[in-house]
Amino acid sequence: MSNKARVVVLISGSGSNLQALIDGVQSGELPINLAAVISNRPDVFGLERATKANIPTELLDHKTFTDRESFDRALMEKIDSYQPDLVVLAGFMRILTPEFTQHYLGRMLNIHPSLLPKFQGLHTHQRAIDAGESHHGVTVHFVTAELDGGPAVVQARVPVLANDDASILAKRVQRQEHVIYPLAVKWFAQGDLHMIDGKSVLKGEPLPASGFLISSDEP
Ligand code: GAR
């Protein structure tokens, strides 16, 4: 029997971050068992990626529920049927109820395309350009009841260049997403990463508010 950490991944779209995890598992770099991929939207490319990698998939369409609470409850039931050690939000575009975040507190990670606490919410790349930021990036964080507000685990910083538009900048950030998400998941799976008293702790050391920092000056 495998004693690898069981991970359930939630997606709403293309699943490129899911793919980075699949690639990590297939190369032997990432010692996890991808137990299931669950999408709240039908026909998304991420579901195809999971099927191709022989990972069980589930669709739970939020549009078939009358309210957020009943959707989140059904989602919890589905997730828990796979008995995960860790839940990974990989482009899962839903606001979560406090009941849901509390249930997975300390065992659910999210990736958000900004240097949190800057630019919580949507359209982060355009907002970083409009604000004249010299740098932008991405954050992996534990999920708490506060939207995009849980303790950071790891951040990657990239430069904002003169001719960037939102899609060029998004691509630069996404290359870093695919580096830092597998890294954070690996730390958790190895038992090196915990959330203790509302802080991220790596190998027994509390991390700074920005999390572990990685910089990339690659254009
Ligand atoms: C990623 O860029 C992720 O940072 C973002 O959605 C994208 C999903 O891409 N997440 C959020 O905006 C969460 N607030 P993917 O489906 O190709 O992994």
Side-chain angles (χ1 to χ4, degrees), residues 7 9-25 29-30 32 37 44-46 49 86-96 101 107-144 146-189 192-193 195 199-202 207-219:
V7 177
V9 183
L10 307 189
I11 61 167
S12 302
S14 148
S16 69
N17 280 286
L18 165 67
Q19 189 65 52
L21 299 177
I22 292 171
D23 292 348
V25 170
E29 267 294 297
L30 191 54
I32 60 170
V37 171
V44 294
F45 188 51
R49 296 183 195 264
L86 176 68
V87 176
V88 167
L89 308 183
F92 187 63
M93 304 306 273
R94 294 277 307 166
I95 290 172
L96 304 168
T101 55
R107 52 192 185 109
M108 179 157 66
L109 295 173
N110 182 41
I111 190 157
H112 180 77
S114 78
L115 296 172
L116 288 173
K118 285 185 179 174
F119 308 119
Q120 295 164 334
L122 298 175
H123 311 299
T124 57
H125 309 300
Q126 189 59 53
R127 285 161 61 206
I129 291 170
D130 293 346
E133 298 284 333
S134 64
H135 286 83
H136 181 46
V138 54
T139 307
V140 174
H141 64 95
F142 279 106
V143 177
T144 63
E146 194 193 336
L147 180 68
D148 300 329
V153 173
V154 52
Q155 275 192 340
R157 247 166 79 101
V158 301
V160 179
L161 302 178
N163 293 324
D164 278 352
D165 61 23
S167 86
I168 291 174
L169 183 54
K171 286 203 182 85
R172 189 175 308 126
V173 169
Q174 272 221 332
R175 278 198 292 278
Q176 298 306 314
E177 297 192 9
H178 304 155
V179 174
I180 68 170
Y181 219 178
L183 179 65
V185 170
K186 185 175 181 172
W187 286 339
F188 189 95
D192 289 337
L193 175 67
M195 184 174 131
K199 287 202 166 124
S200 296
V201 175
L202 183 62
L207 285 164
S210 62
F212 188 93
L213 189 62
I214 291 175
S215 281
S216 169
D217 286 324
E218 283 169 44

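Numbering of residues begins at 1 and proceeds along the displayed sequence. Here the structure is a predicted model, which is why all the values come from computation and not from measurement.
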| query | To the nearest 0.5 Å, what is the distance between CG (Leu169) and CG (Leu161)? | reply | 8.5 Å
| note | side-chain hydrogen bond (donor to acceptor under 3.5 Å, both in side chains) filter on Gln126, not counting sequence neighbours, yields Asp130
| Given the rule in the side chain to side chain donor-acceptor pair (under 3.5 Å) test, do Ser14 and Arg49 qualify, once you have shown the distances and angles that lead to the verdict? | CA-CA 9 Å; Ser14 148; Arg49 296 183 195 264; 3.3 Å; yes
| task | Show your working on side-chain contact (heavy atoms from CB on, under 4.5 Å) between Met195 and Val201 and close with a plain yes or no. | result | CA-CA 6 Å; Met195 184 174 131; Val201 175; over 6 Å; no
| said: I'd like to know if the side chain of His178 pairs up with that of Ser16 as donor and acceptor (distance under 3.5 Å, no hydrogens or angles considered). | reply: yes
| note | Given the options Val140, Leu193, Leu202, Val153, Phe212 meets side-chain contact (heavy atoms from CB on, under 4.5 Å) only with Leu202
| request: Start with the C-alpha gap between Leu10 and Val87, add the side-chain angles, then the distance that decides, and say whether side-chain contact (heavy atoms from CB on, under 4.5 Å) holds. | output: CA-CA 8 Å; Leu10 307 189; Val87 176; 4.2 Å; yes
| message | Please report the interatomic distance CD(Gln176) to CG(Leu183), rounded to the nearest 0.5 Å. | response | 11.5 Å
| said: Less than 4.5 Å apart, side chain to side chain, heavy atoms only: is that true for Phe188 and Arg107? | reply: yes
| message | Would you say that Thr144 contacts Pro151 through its side chain, given a criterion of any heavy-atom pair below 4.5 Å between the two side chains? | response | yes
| field | Closest contact, heavy atoms only, Ala189 versus Ile32 | value | CB-CG2, 3.5 Å
| request: For Val179 and Arg175, run side-chain contact (heavy atoms from CB on, under 4.5 Å): C-alpha distance rounded to whole Å, both residues' side-chain angles, the deciding distance at 0.1 Å, then the answer. | output: CA-CA 7 Å; Val179 174; Arg175 278 198 292 278; over 6 Å; no
| message | Tell me whether Gln120 at atom CD has more than 12 heavy atoms from other residues, nucleotides or ligands lying less than 6.0 Å away. | response | yes
| From CD (Gln155) to CG (Leu213), nearest 0.5 Å | 6.0 Å
| said: I'd like to check His141 versus Leu109 (side-chain heavy atoms, cut-off strictly below 4.5 Å). Are they in contact? | reply: no
| Leu86 vs Met108 side-chain heavy atoms within contact, under 4.5 Å | no
| note | Here the pair of heavy atoms bringing Pro113 nearest to Glu177 is CB-OE2, 3.8 Å
| message | More than 12 heavy atoms of other residues, nucleotides or ligands under 6.0 Å from NE2 of His123: yes or no? | response | no
| With sequence neighbours excluded, residues passing side-chain contact (heavy atoms from CB on, under 4.5 Å) with Ser215 | Arg157
| query | Rounded to the nearest 0.5 Å, what separation is found between the CG atom of Leu115 and the OG1 atom of Thr124? | reply | 9.5 Å
| task | Name all residues meeting the salt bridge (Lys or Arg N to Asp or Glu O under 4.0 Å) criterion together with Lys118; count only those two or more places apart in sequence or in a different chain, and write none if there are none. | result | Glu133
| request: Please tell me if the side chains of Ile11 and Phe92 come closer than 4.5 Å, counting only heavy atoms from C-beta onward. | output: no
| said: Show the nearest heavy-atom pair for residues Ile180 and Ile214, with the distance to one decimal. | reply: CG2-CD1, 3.9 Å
| Heavy-atom closest contact (Ala152 atom, Ala209 atom, distance) | CB-O, 3.3 Å
| query | What's the verdict on side-chain contact (heavy atoms from CB on, under 4.5 Å) for Lys199 and Leu207, showing C-alpha distance, side-chain angles and the deciding distance? | reply | CA-CA 7 Å; Lys199 287 202 166 124; Leu207 285 164; over 6 Å; no
| message | Are Val185 and Leu21 packed together at the side-chain level, in the sense that at least one heavy-atom pair is separated by less than 4.5 angstrom? | response | yes
| said: What verdict does the salt bridge (Lys or Arg N to Asp or Glu O under 4.0 Å) test give for Asp192 and Lys186, after you've listed the backbone C-alpha separation in whole Å, the side-chain angles of each residue and the deciding distance to 0.1 Å? | reply: CA-CA 9 Å; Asp192 289 337; Lys186 185 175 181 172; over 6 Å; no
| So which heavy atom on Ala90 is nearest to which on Val9, and how close? | CB-CG1, 3.8 Å
| Shortest non-hydrogen contact from Leu89 toward Tyr181 | O-OH, 2.8 Å
| Min side-chain heavy-atom separation Asn17-Ile111 under 4.5 Å | yes
| task | Check whether any side-chain N or O of Arg127 sits under 3.5 Å from a backbone N or O of Leu122 as a donor-acceptor pair, and report yes or no. | result | yes
| query | Between CZ of Phe119 and NE2 of His112, what distance do you get to the nearest 0.5 Å? | reply | 9.5 Å
| query | Going by distance alone, is a donor N or O of one side chain under 3.5 Å from an acceptor N or O of the other, for His125 and His136? | reply | yes
| Donor-acceptor pair, Ser12 side chain versus Met93 backbone, under 3.5 Å? | yes
